[in-house]
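In what follows, a single structure is set out as structure tokens and then discussed.
One is the number of the first residue; the rest follow in order along the sequence.
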Amino acid sequence: MIHNTGSSAANLDAHPYTEPRDISSLDECYFYHTMDVPGHGTVKGEWDLRGVLDDYLGHFDFSGKRVLDVGAASGILSFHMESKGAEVVSFDLSEDFDWDIVPFAENDRDAARADRRKHLRKINNSYWLCHGAYGSKARMVNGVVYDMPAAIGPVDVAVFGSILLHLRDPFLALENAARLTRETMIVSDLSPFGRFASRFKRNPRFMPNSAEPDGITDGWFRLPPLLVQEYLAILGFKDSTLTWNKFKYGNRIRPIYTIVARR
């Protein structure tokens, strides 16, 4: 899932791929997305993208492409793109790294850090449980999005599925992925504005509120699509298309934009 800061004692450039885990119990897992898992049935998560994944990914043709799924979480995008003919490298944090937690002075940051690491392990476990259940050949790299190992090698496509809002430095994350990406960047995210206002406004919205330290602690910026398109153009992906669709988050329906940007 997500996708953020930290430090690593491991040399990811020398050995980028994580050894698979043998996970069989849902009790060891946390699912970020609702998924239909062979042998386990429907497992509930925060987002339900079932049946609309092609909309979410801009109806891109992944056949024969090597794809980097940034912030893979439980792996729903990774396994879907693999089913469409892609060779997939999933990338996400593990319990060895730190989330981009908003460092409110009032909060116990050490406790929050420890809780997040436990949470990340359960998210990673959900990925590996699904990896086995689907018989996936996708490979996982655990690390921080600000320091992606060059040993991943070139990819044709990089996908950012609603993770930019969780990052303290979303441009740096895109820049690091762009260094590896030969053809296309796909970004899906939430805008701070409605669909109409997003046609004109480019300014991001800072999500944390100093008066609410018990509020948003895992989100930083809502980025409008015009700004993300500008980011991608600066990085060499100047030919972009923008689509909008609605997706289910809990009991709410949320509009999400998808940008498909090509070199």
Can you sort out the partners of Asp115 under side chain to side chain contact (heavy atoms under 4.5 Å, CB included), two or more places apart, ordered by chain and number? none

Are the side chain of His166 and the backbone of Asp218 linked by a donor-acceptor contact shorter than 3.5 Å? yes

Side-chain atoms of residues 20-29: list all donor-acceptor pairs with protein atoms under 3.5 Å, sequence neighbours left out, distances to 0.1 Å.
| unit_1 | atom_1 | unit_2 | atom_2 | d |
| --- | --- | --- | --- | --- |
| Arg21 | NH1 | Asn125 | OD1 | 2.8 |
| Arg21 | NH2 | Glu95 | OE1 | 3.1 |
| Arg21 | NH2 | Glu95 | OE2 | 3.3 |
| Ser25 | OG | Asp27 | N | 3.1 |

Provide the full list of salt bridge (charged side-chain N to carboxylate O under 4.0 Å, His left out) pairs with a residue in residues 51-60, sequence neighbours left out, each pair given once. Asp54-Lys84

Working to the nearest 0.5 Å, report the span between OG of Ser94 and CZ of Arg121. 9.0 Å

What distance do Tyr56 atom OH and Leu77 atom CG have between them, rounded to the nearest 0.5 Å? 6.0 Å

If I take atom CG from residue Asp189 and atom CZ from residue Phe160, how far apart are they, to the nearest 0.5 angstrom? 10.5 Å

Is there a side-chain contact (heavy atoms from CB on, under 4.5 Å) between Leu57 and Met81? Walk through the geometry before answering. CA-CA 9 Å; Leu57 293 167; Met81 294 184 292; 3.9 Å; yes

Check the pair Tyr17, Met140 against side-chain contact (heavy atoms from CB on, under 4.5 Å), reporting the backbone distance first and the verdict last. CA-CA 6 Å; Tyr17 298 109; Met140 169 63 79; over 6 Å; no

Heavy-atom nearest pair, Gly58 first then Val260, reads CA-CG2, 4.1 Å

Could you name each residue pair satisfying side chain to side chain donor-acceptor pair (under 3.5 Å) that touches residues 177-187, not counting sequence neighbours? Lys65-Glu183, Asp156-Arg182, Glu175-Arg179, Asn176-Arg179

Polar side chain donor-acceptor pair, Thr42 to Asp36, under 3.5 angstrom: yes

Distance from His119 atom NE2 to Tyr30 atom OH, nearest 0.5 Å? 5.0 Å

Check: residues 148-155 side-chain donor-acceptor pairs under 3.5 Å, at least two apart:
none

Tabulate below the donor-acceptor pairs under 3.5 Å that side-chain atoms of residues 222-247 make, not counting sequence neighbours, or state none.
| unit_1 | atom_1 | unit_2 | atom_2 | d |
| --- | --- | --- | --- | --- |
| Gln229 | NE2 | Ser240 | OG | 2.9 |
| Lys238 | NZ | Ala233 | O | 3.3 |

Go through the steps to decide whether Val159 and Val187 satisfy the test side-chain contact (heavy atoms from CB on, under 4.5 Å), and finish with yes or no. CA-CA 6 Å; Val159 175; Val187 176; over 6 Å; no

Is there a side-chain contact between Pro204 and Phe206 in this structure, where contact means two heavy atoms from C-beta onward sitting under 4.5 Å apart? no

With a cutoff of under 4.5 Å between side-chain heavy atoms, which Ile, Leu, Val, Met, Phe, Trp and Tyr residues group with Phe200? Phe196

Do the side chains of Ile123 and Phe31 get nearer than 4.5 Å, heavy atoms only? no

Any side-chain heavy atom of Asn142 within less than 4.5 Å of one from Asp96? no

So, does Ser74 use its side chain to make a donor-acceptor pair with the main chain of Tyr32 at under 3.5 Å? yes

Going by the salt bridge (charged side-chain N to carboxylate O under 4.0 Å, His left out) test, which pairs reach into residues 125-138, not counting sequence neighbours? none

For Ala86 and Val67, work out which heavy atoms get closest and say how close. CB-CG2, 3.7 Å

Using a cut-off of 6.0 Å, state whether more than 12 heavy atoms not belonging to Glu106 lie near its atom CD. yes

For Ser126, does its backbone N or O pair with a side-chain atom of Asn124 as donor and acceptor, under 3.5 Å? no

Do Phe104 and Phe221 share a hydrophobic cluster (ILVMFWY, side-chain heavy atoms under 4.5 Å, transitive)? yes

Begin from the C-alpha positions of Val89 and Val141 and carry the test side-chain contact (heavy atoms from CB on, under 4.5 Å) through to its verdict. CA-CA 7 Å; Val89 177; Val141 177; 3.9 Å; yes

Indicate yes or no: at least one non-hydrogen side-chain atom of Ile256 is less than 4.5 angstrom from one of Ser162. yes

Nearest heavy-atom approach of Ser136 to Ala138 is OG-N, 2.9 Å

Can you pull out every side chain to side chain donor-acceptor pair (under 3.5 Å) where at least one residue sits in residues 194-216? Sequence neighbours excluded, please. Ser191-Ser198

Those residues that, when tested against Phe60, pass ring-ring contact (aromatic ring centres under 6.0 Å, His included) (two or more places apart): Phe62

Minimum heavy-atom separation for Val88 to Ser78, with atom names? CG2-O, 3.6 Å

Which residue pairs satisfy the ring-ring contact (aromatic ring centres under 6.0 Å, His included) criterion with at least one member in residues 66-86, sequence neighbours excluded? Phe79-Tyr127, Phe79-Tyr134

Please find the pair of heavy atoms, one from Thr34 and one from Gly45, that lie closest to each other, and give the distance. OG1-N, 2.9 Å

Distance in Å, Met185 CE paired with Leu68 CG, rounded so as to fall on 0.5 Å steps: 9.0 Å

So side chain to side chain donor-acceptor pair (under 3.5 Å) across residues 248-262, not counting sequence neighbours, yields Glu46-Tyr249, Ser188-Thr258

Minimum heavy-atom distance between Ile101 and Trp220, given as atom pair plus value: O-CZ2, 3.8 Å

Measure the CZ-NE2 distance between Arg50 and His33 for me, rounded to the nearest 0.5 Å. 12.0 Å

